[in-house]
Structure formats: structure tokens, C-alpha cells
Amino acid sequence: MTNPFRAGGHGRIDRDTTLSFTFDGTAYTGHPGDTLASALLANGVHHVADSIKYGRPRGVLAAGAEEPNAVVQIEAPFPEPMLTGTTVELYDGLDARGLSGQGRLSSRPDTARYDTLHAHCDLLVVGAGPAGLTATLSAARAGARVILVDELPEPGGSLLGSQELLDGRPATEWVGEVVAELDACADVQVLQRTTAFGHYDDGLVLALEKRTDHLGAAAPAHVSRQRIWRIRARQVVYATGAYERPVAFDDNDRPGIMLAGSARTYLNRFGVLPGRQAVVFTTNDSAYPAALELADAGVRIAAVVEAREEVPAHWRTACDERGIEIRTGHVVTGTSGVEHVSRAHVAPFSRGRLGERQGIDCDLLLVSGGWNPAVALFSQARGTLRYDAGIGAFVPAQAPGSVRTAGSAGGTFTLAGCLADGGDAASRALSALGRTGRTLTLPSTGPLPQGAPGRVLWRVPSPRDGQDGSHQFVDLQRDALVSDVLRATGAGLRSVEHVKRYTTIGTAHDQGRTSGVMTSGIVAEALGVDVADLGTMRLRPPAVPVAFAALAGRNRGELFDPVRVTALHSWHAEHGALFEDVGQWKRPWYYPQPGESMEEAVLRECRAARTGVAMMDGSTLGKINVQGPDAGVLLDRLYTNMMSTLKVGRVRYGVMCGVDGMAIDDGTVIRVAEQEFLLTTTTGNAAKVLEWMEEWLQTEWPDLRVHLTSVTEHWVTIPLVGPRSRDVLALVAPDLDADNDAFPFMSWRDATVAGIPARVCRISFSGELAYEINVPAWDGITVWNALYAAGGPFGITPYGTETMHVLRAEKAYPIIGQDTDGTVTPQDLGMSWVVSKKKPDFIGKRSFSREENQRGDRKQLVGLLPADERVLLPEGAQIIATSSIPQPPVPMLGHVTSSYRSDALQRTFALALVRSGSERIGETLYVPLDGRTVPVTVTDPVLFDKEGSRRDG
Amino acid sequence: MQLIACPWCGEREEIEFHYGGQAHVAYPDDPYALDDDQWAQYVFFRDNPKGPFAERWVHAAGCRRWFNAVRDTVTHEFLAVYDVRAPRPLLTGSAAAAQQRKGQEAS
């Protein structure tokens with residue numbers, strides 16, 4: 001099968017190999033080296049998709065990342081939406097279809113790997129065109145560590161799409177020699193298929209390397225499909241080239257309308273003739289090489305429509321030699337055609353007036369309105385831009401000392417200039433690094449004919465200006481028209497940023513590469529201001545679309561976030577525990593027996609703890625060791641109650657507040673020795689509390705002789721809970737006198753438990769007789785198994801976090817962060833007893849006396865008993881005063897913070913923060929639920945064993 | 001990802017650090033000598049300047065040590081890092097010069 005639009009003797013494709021692909025359900029062939037777009041054009045397919053808003057047929061405008069139209073969805077081998085056909089390399093079996101502006105994510109998980117690499121270098125060069133290559137070569141010869149990234153499959157940049165000669169030979173031969181020399185340098189890395197997409201602080205540049213996308217189904221599974229390079233560069237040279245700018249005219253969106261430079265690329269890089277008979281519409285010299293090279297390859301150039309009055313003599317001579325007519329002072333005013341352009345309408349244009357219109361038949365209309373330097377990354381690096389009226393584009397102005405541009409990215413558009421500029425940029429980067437660059441002998445580009453400046457022309461006036469139905473497109477992907485821009489300015493918008501948001505111009509995948517500067521020009525004309533004063537749209541990362549999968553790299557699925565498990569985790573898993581995520585911890589939630597629901601399991605576990613004996617894994621509790629002569633002083637300042645008076649061997653409960661007086665954490669403190677304390681924190685708060693303590697210690701009281709150490713993972717902590725817990729403990733720790741008098745509540749003892757040295761604390765988070773057994777993590781499973789075995793005759797029951805929550809809520813022990821939200825004082829929690837009256841000061845104390853914290857209508861922690869004892873209130877539910885919901889705004893009295901079904905109470909109950917709650921005890925309030933209200937009785941928060949008679953067994 | 005020069009560890013990525021707000025806001029000598037408004041000034045109110053700002057940082061995922069820094073809130077550039085007990089440094093020499101130089105070099 002042959003491609004009808006291939007040009008013999010041109011292109012860098014492998015014609016000996018044929019690739020089969022499918023587009024919109026039709027089978028075609030192409031060659032290695034093709035993009036999807038070039039292969040379609042080689043088959044004469046221009047219509048790629050219909051536009052998103054108007055459904056107009058659209059073709060291929062460009063040959064690279066600036067393409068606004070040819071957006072495709074790949075269906076096989078793996079579905080991927082919103083790719084530009086001009087950057088998708090062709091492979092065998094590719095199945096794609098055109099997209100009307102919106103894609104569809106695959107419903108299948110992506111099985112490909114993605115990963116991330118970190119790299120450091122003296123100099124990062126972005127772009128392997130003529131300027132990037134001389135910059136890299138110069139720095140490499142000076143011995144610098146250089147990374148060169150380039151988006152194309154092979155180096156050369158614009159040289160791949162031209163017929164330029166260097167030293168009298170095809171430029172690509174010079175490219176090959178340079179790259180061979182770079183490859184031989186140990187400190188130089190050249191990354192092809194790698195697009196820099198973001199410049200961040202301190203020289204961090206992110207680049208996306210596409211490693212196996214171009215291999216299709218043949219991609220090896222062990223190689224990551226794409227990877228993100230995180231490159232920390234001391235100096236950066238952006239040799240990112242320039243994008244050609246179209247000119248707006250009526251019906252400027254038909255398939256067959258193409259940027260002139262892109263047509264040149266299709267001929268020279270891909271051996272593709274984008275048409276048979278072309279009209280070339282230009283405002284500048286750059287379209288002439290395209291016209292001449294296409295003519296030499298067999299395209300009939302029907303006319304060059306030249307907006308300028310004068311054309312340099314050598315271009316005129318070259319056109320004359322080929323019989324190409326040049327119509328100076330003319331513009332294209334519009335086009336005709338159905339699925340494809342079939343005629344260009346041409347008219348003289350001078351002093352803002354159009355002359356008589358004439359049609360020229362063509363199947364290809366090439367357009368050049370000049371070139372915009374590709375300054376997106378430079379701009380992200382806080383480089384400023386200035387408008388260059390000579391070329392009608394924004395060029396780099398000032399930049400931080402570590403960033404510079406080279407070549408056409410800086411507004412240098414001749415080949416000789418780009419080659420020299422690359423070497424200069426490298427020299428300046430090297431001297432900023434304290435190195436000396438080597439002078440390069442640059443290849444000769446031959447004599448340069450005298451060029452002429454271009455004419456800046458944003459749009460051609462339309463006979464239909466001001467009427468409906470005008471179709472001068474600015475942003476082809478967003479289907480945004482010149483008339484949309486004028487409507488924006490007509491509505492009073494004066495900033496291009498506002499016009500951008502009003503019209504959506506520049507917000508598509510292509511980031512306005514072909515439409516942004518044109519928009520500035522049209523807005524400036526409409527407002528009668530200078531483009532230089534108006535400026536252009538801010539360019540933000542990412543410069544090209546990057547898949548989330550690539551950004552995530554390996555940090556997905558199980559590796560998304562670290563998982564912490566306790567030393568007893570496998571026992572829990574083997575015994576059927578379901579797990580709950582608490583911070584990064586996996587905690588046993590409850591242990592259902594076969595056929596048991598969660599509710600049944602939790603009631604059973606609660607019953608065991610209240611009537612027999614139960615045990616849980618409390619190892620995740622944060623534990624901080626506090627050592628030093630001033631340890632007690634530090635704790636006195638941080639806790640609301642007195643800690644320095646705690647005797648060795650005793651335990652005290654404590655609350656910490658912020659300077660605003662709001663509770664931030666609670667836990668127990670044990671005095672291990674005269675100069676050593678061990679405190680516990682809420683599981684999820686361990687790191688925060690340690691940081692809080694360090695902050696005060698280091699910044700406010702550096703004179704205190706105290707050291708803080710996190711010992712959370714050091715200990716396995718096992719609460720042994722219930723009236724029979726003493727019996728079980730006696731079996732495993734026969735030497736420990738666990739009598740109430742010998743081992744009273746809120747004390748701790750060193751003991752041998754199951755042969756393991758242990759620290760046993762008599763504390764209770766359930767209100768029951770309980771022992772908290774702490775052993776080194778390594779021995780945890782031994783002790784756990786011994787307790788489980790010894791407790792067997794007593795029906796010992798392992799329980800999870802849900803039961804722990806029910807038990808503590810029945811006793812109104814608050815969970816900081818669940819029953820509080822950063823606006824709750826210890827007094828609001830009904831815990832004035834934990835606030836020392838003796839200490840002259842501690843963190844939070846002064847704020848307690850603030851007027852706001854003395855108000856009687858503060859929200860306070862209370863219990864709620866639904867009138868219907870079967871109704872379980874949802875946590876977070878609002879509380880109101882009336883049985884019917886009044887007209888908004890509804891006065892809210894508070895909300896439910898904890899809500900459970902209680903085995904001990906044989907009913908549901910809740911904790912809540914309620915305005916003036918302590919004064920409302922006994923009142924009936926209402927909770928709106930499912931369109932009705934549930935009456936609830938306000939109670940003291942402690943609903944079970946208020947007198948505390950159970951804790952001693 | 002900015003680099004922050006921890007005084008003890010050297011340059012590390014900003015993700016290793018936690019921000020601690022304005023520096024040189026000492027806990028009042030006698031909180032009970034302050035009225036509610038004065039106390040509220042200490043608890044709730046901080047400066048928010050455009051330009052150099054002395055602030056506290058902690059190398060949370062590194063040495064866990066607090067330090068002070070002068071940072072330009074416009075450019076995010078760290079102009080100095082110093083001990084929490086030290087007074088705010090006068091920006092002279094290279095840091096001040098760096099601030100002058102910034103943005104003035106042509107590409």
C-alpha cells in the first residue's frame with residue numbers, strides 16, 4: 001500500500017517498513033518516523049475532528065505541540081484521551097479517532113508503570129535545535145555537567161524540517177556529529193522524547209520523558225511508560241524555539257489551512273505533501289522557503305499573497321524562476337470549501353481598506369503571520385517579557401541570573417544567529433558558574449541574503465464585521481472567534497487576562513500557542529492601545545498536558561501513602577479483624593465472628609469489656625519520652641495541670657491547650673524516674689504534639705535542660721479491660737501484687753508478664769478495672785498470646801477501635817479532634833478539674849479569662865438521649881430548639897460529635913457540643929433527620945457509672 | 001520546590017520544613033499584666049509585610065530544629081537564616097546585594 005501524498009526523496013521516515021494503523025475506523029499505513037498527523041496527511045486525510053462548539057470540520061494546522069485542532073483519542077493498545085495527533089508517534093496497530101474537544105478516560109486501570117528520577121546538573125538546556133546544540137556543546141567542552149532535553153524523537157529541532165546546509169552539507173549531518181561528541185562525554189546526558197513542562201523555584205525543572213509510548217503494544221512491560229525528571233539545574237538555557245502565528249480571516253479554520261512552516265516540516269521531516277495546489281498567505285519572509293521547497297517537490301503554488309508592499313529581491317527572483325506569482329499588498333479575506341478548503345478569496349489591502357475580492361482555487365492554504373518565541377518556561381522562571389513591535393511578538397526581557405534563552409526563543413530568527421546565540425548563552429551560563437567557556441567554531445551557513453522586516457497583521461477586516469455569522473477564529477480548539485474577543489472588550493474588559501477568562505481563549509491543551517499573542521493584538525486594536533502596554537497572558541505550568549499517572553509515578557495504590565502497622569498486626573488479620581485507617585495506622589476496627597454484623601460484633605465486644613474481660617491493641621498511641629532535670633518544669637508549662645509533683649510510680653491524666661486556651665491534645669503522663677517522664681498522645685496527633693513541645697522548648701525556653709524523643713514504635717501497648725482483668729493478669733504475672741491497695745488506680749509497676757519485663761499501668765479508658773501492659777515491641781506478640789490464652793477460660797475478647805469509642809463515650813472521655821474542633825476549652829468539656837488553679841501560668845491559662853471564653857452561651861459537651869432509644873443520630877447532625885424546622889436562617893444550637901449504640905445502656909446515645917449545654921440538662925432539643933426531627937433529651941455527658949465505682953473491679 | 005538552607009543540615013527541599021509564623025514574638029513576661037486586647041495582640045495578630053519578613057521555620061523531616069529566617073515575601077527568597085535566640089540580622093553584604101541584583105540581570 002502506498003501513500004498518495006508522499007514526496008519522493010524527502011523526509012526522515014523509514015520507507016522500507018510499513019506500519020498499519022486505524023483512524024476513525026478506517027485502516028491506513030504509514031512509516032516509522034511518522035506522527036499520526038503526518039501519516040494521515042500522507043493518506044490525504046485532513047479532516048481530523050469536528051470543532052467542539054460549532055461542529056465545523058477541522059484539520060491539521062501545525063506540525064508540533066502548538067497544534068490546536070488535531071486532538072485525538074487513542075483507543076488501542078491502551079485508551080488515552082486528548083493527545084495531539086502532531087505529537088503522537090506512529091506505531092503498528094495504533095487505533096485512534098478524532099476528538100471534538102473532549103476525551104474520555106479509560107474505565108480500565110492503567111497497567112503501565114510510571115516513575116520519577118532526580119537529576120542535578122550545572123546546566124540544563126531545553127531544546128536540541130541549532131541554538132540548544134551549540135549551547136550544550138560549548139558547555140560540554142568546558143567540562144560542565146549538562147543535561148539536554150528535547151521533545152522530539154531525534155535531535156535537530158527546526159533543522160529536521162528544513163533544507164538548510166551547514167558547511168555545505170545537509171544540516172542533519174552536523175547534528176549527528178554534535179550528538180556523537182555529546183554522547184561521548186561522561187557528564188552530558190541527552191534525553192529525547194522529553195518535554196520540560198514546568199520551571200519551579202531554585203532551578204527545579206520538571207520534564208516528562210515518554211519512554212515506550214511510541215512502541216505501542218510492543219512496549220516492554222518492565223520499562224516505565226513515562227517518567228518525570230526532577231532536574232535541579234544551577235543554570236538553565238531555554239532554546240525552545242518559536243511558534244508560527246496565523247492571521248485571522250473569515251473561515252480560517254477549514255481543513256487544508258496550515259501554518260507555512262509546518263507545511264515545510266511535513267515535506268522535509270516526513271516526506272509529506274500537504275496538498276497539490278497551494279496559496280501562500282504571508283506577512284513576512286519566512287513563508288518563502290516553504291513555498292519554494294514545496295514547489296520544488298511538485299506542489300503547484302497558485303500564488304503568494306503578500307501583505308507587504310515590497311518583497312526582497314532574492315525571494316522575488318526565486319519565485320519568478322519557478323513561475324510563482326506574488327501578489328504584494330494583498331491579503332486572504334476568506335475561504336470556500338465543504339470538508340476541505342477549495343478556494344482562497346484574495347483582495348488588495350491598503351490603508352485598512354480591502355479592494356475587490358478574487359478567488360484562487362487551491363487545496364492547501366499556507367499562512368504565516370510571523371513567529372512567537374516559545375517563552376512559556378522562561379516566563380515561569382520569572383523571566384519578564386517585552387513586546388517587540390518589529391516582529392509583533394513578546395520576547396524575553398529580564399530574568400533571574402540563572403535563566404536565559406537562546407536562539408529563536410529569544411527572538412533571533414536566522415540560523416547563523418541561533419547557532420551563535422547558543423554558544424553565547426552557554427558562555428554566560430558558564431561564567432555565572434565561575435567557569436570559562438570555550439569558543440566554538442560554528443558551522444558556516446553560507447551567505448545570508450538581505451531580509452526585510454515583516455508586517456504585523458493580527459487579522460484581516462471582514463465584510464461581515466459586526467454581523468452574526470462571522471467566522472474569524474482565534475482559538476480553534478475553544479471555537480473562540482474574533483467577535484467573541486470584541487464582545488469581551490465591548491463589555492468593558494480591558495485586560496487580556498479577563499478577555500481570556502471571558503472567551504476561554506488560551507485555556508485548551510495547547511495553552512494558546514497559536515492564539516494568545518493574536519488575542520493581545522486584537523484586543524489592543526479594539527481598545528486603541530499599544531500591545532506593549534497591554535501585555536500578554538500569563539504562562540503557567542504545566543506547559544504541556546501531563547497525565548496524572550505520570551505525576552503520581554509509583555506513589556499510587558498501596559504506595560500512595562505509607563502504611564503503619566503494629567507489631568501485632570498479623571494476629572489481628574488472622575483473627576478476622578477489619579481495619580480502620582487512623583492517620584497512617586491500620587488499627588483493628590472490630591473482630592466479627594462468622595455471620596456477625598458490625599453492630600452485633602461491637603455490642604458483643606462491649607459486653608465482654610463491661611462484664612468479663614477484653615483486650616485491645618493500643619500500640620498506636622503516641623508516646624514521647626521526656627528526660628532531663630527540667631522535665632517537670634516543661635510539662636508544668638505545657639499541661640493545664642501540675643505534672644512536676646507527680647511521684648515516681650504514679651500516672652496522671654493531662655490536657656494540653658494552645659495559647660488561645662483551646663484543647664489540642666490529651667493523654668496520660670507517667671513519671672518513670674526523677675528526671676524522666678513518658679507521656680502518651682492521641683494516635684493521630686503524635687507528631688504534632690512532639691513538634692509543639694519542641695517548638696516551645698527550642699524557641700521560648702531553650703534554657704530548660706530537657707530532651708524529647710518519640711518512642712511510639714518502641715512499645716506494644718495492650719489494655720486489658722474488664723471486671724475479670726485482674727484474674728487474667730494474675731495468671732500471667734504471678735509476681736505482681738495487683739491488689740487495689742498495693743497497685744492502686746493511676747499508678748504503674750514494673751512487672752514480669754509472661755516472662756517478659758513489662759511496665760503495667762493502672763489506667764482506664766473505659767471506666768472498667770483495667771491494666772495497660774507495655775512491653776518492648778519485639779516481645780509484644782508473646783505477651784498478647786499469653787494474655788489471650790490465660791483469658792480463654794474467662795471468655796477474653798479482643799476488641800477494636802469501635803468498641804473502644806463506645807466504652808469511652810459512655811464515660812464521656814472526649815476524643816480531641818472528634819468531640820472538639822479547636823474551639824473547645826477544657827471547661828467546655830466539663831473538665832475544669834484538670835485545669836490547675838495553683839500554677840501561676842501555663843500555655844492557655846491567660847486565654848481562659850478572655851471575655852469570649854467566659855460567655856455562658858459557649859458550646860459545652862453534653863450527652864443526648866434520643867426519645868426513641870433505637871434511633872442512632874448521625875455524627876455531625878445539627879441540633880435545634882423546636883420540633884418543626886423554622887424558616888431559615890435556622891438557629892443552630894450545636895452538633896452531634898459522637899453517637900453509638902450502647903450495650904450497657906441498652907439504647908443509643910450521643911455526645912454533642914451544645915450552646916449553654918450545661919444549663920440545658922433535662923431539656924428536650926431536636927435533631928433534624930431525614931425530613932423530620934428527632935426529639936432528644938440533654939443529659940450530663942457521663943451516662944454510665946458516673947460515680948466511678950467500677951474502676952477498682 | 002524551593003530549597004531552604006537549614007543552618008545545621010544545609011540546603012534541603014521545602015517539603016522537609018514546617019512554617020512557624022512570625023519570629024521575635026516572645027511569650028509575654030507577665031500575661032496577667034496585659035488586658036484582653038493586648039493579650040489578643042500576642043495570640044492572634046501578626047504582621048503581613050510585602051518584602052523581607054523575619055519568620056520561624058523548623059526542619060521537621062530533618063534535624064527537627066527550629067531556626068529563624070528573613071524571607072522576601074514577594075520572591076520567597078531566603079535572605080538570611082539564623083539562630084532562634086539571635087536578633088534579626090541587618091541585611092548587609094551579599095544578602096542585601098542579592099536582593100538588589102534580583103531581577104535586574106538581563107537574560
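Proteins come first, then strands; the chains are lettered A, B, ... in the order of their sequence lines, and each starts at number 1.
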Salt bridge check, A:Arg846 against B:Asp36: does any charged N sit closer than 4.0 Å to a carboxylate O?
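Answer for the salt bridge query: yes.
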Electrostatic pair B:Arg64-A:Glu695, nearest N-O below 4.0 angstrom
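Judged by the 4.0 Å cut-off on N to carboxylate O distance, B:Arg64 and A:Glu695 do not form a salt bridge.
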With distance as the sole test, does A:Arg382 use its side chain to make a donor-acceptor pair with the main-chain N or O of B:Thr75 at under 3.5 Å?
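Yes; at least one donor-acceptor contact below 3.5 Å.
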Side chain, backbone, both or neither of [X] within contact of chain A (heavy atoms, under 4.5 Å):
{"X": "B:Trp66", "answer": "both"}
{"X": "B:Tyr42", "answer": "side chain"}
{"X": "B:Asp30", "answer": "neither"}

Flag side-chain contact, heavy atom, 4.5 Å: [X] against [Y]:
{"X": "A:Gln698", "Y": "B:Phe67", "answer": "no"}
{"X": "B:Arg56", "Y": "A:Thr699", "answer": "yes"}
{"X": "B:Glu13", "Y": "A:Arg232", "answer": "yes"}

Mind checking ring pair (Phe, Tyr, Trp, His ring centres under 6.0 Å) for A:Trp701 and listing every partner two or more places apart, or none if nothing turns up?
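Partners of A:Trp701 under the ring pair (Phe, Tyr, Trp, His ring centres under 6.0 Å) test: A:Trp696.
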Please flag which part of A:Leu690 lies under 4.5 Å from any non-hydrogen atom of chain B: side chain, backbone, both or neither.
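For A:Leu690, side-chain heavy atoms alone lie under 4.5 Å from chain B.
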For the student: nearest non-hydrogen atoms of A:Ser847 and B:Trp39, plus distance
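In this case the closest contact between A:Ser847 and B:Trp39 is OG-NE1, 2.7 Å.
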B:Ala60 versus A:Glu691, closest heavy-atom pair with distance:
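Scanning both residues, the minimum pair turns out to be CB-OE1, 3.4 Å.
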Give a yes or no on this: more than 12 heavy atoms of other residues, nucleotides or ligands lie within 6.0 Å of atom [atom1] of [X].
{"X": "A:Phe560", "atom1": "CZ", "value": "no"}
{"X": "A:Lys837", "atom1": "NZ", "value": "yes"}
{"X": "A:His120", "atom1": "NE2", "value": "yes"}
{"X": "B:Ile15", "atom1": "CD1", "value": "no"}
{"X": "A:Gln854", "atom1": "CD", "value": "yes"}
{"X": "B:Asn48", "atom1": "CG", "value": "no"}

What parts of residues 1-9 of chain B touch chain A if we use heavy atoms and a cut-off under 4.5 Å?
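Against chain A, the residues of residues 1-9 of chain B that fall inside the cut-off (heavy atoms, under 4.5 Å) are B:Met1, B:Gln2, B:Leu3.
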Select, from A:Lys845, A:Glu852, A:Glu851, the one with the greatest count of heavy-atom pairs under 4.5 Å involving chain B.
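Most pairs with chain B among the choices: A:Lys845.
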Measure the [atom1]-[atom2] distance between [X] and [Y] for me, rounded to the nearest 0.5 Å.
{"X": "A:Asp841", "Y": "B:Tyr27", "atom1": "CG", "atom2": "OH", "result": "3.5 Å"}
{"X": "B:Glu14", "Y": "A:Leu204", "atom1": "CD", "atom2": "CG", "result": "9.5 Å"}
{"X": "B:Arg85", "Y": "A:Glu700", "atom1": "CZ", "atom2": "CD", "result": "12.5 Å"}

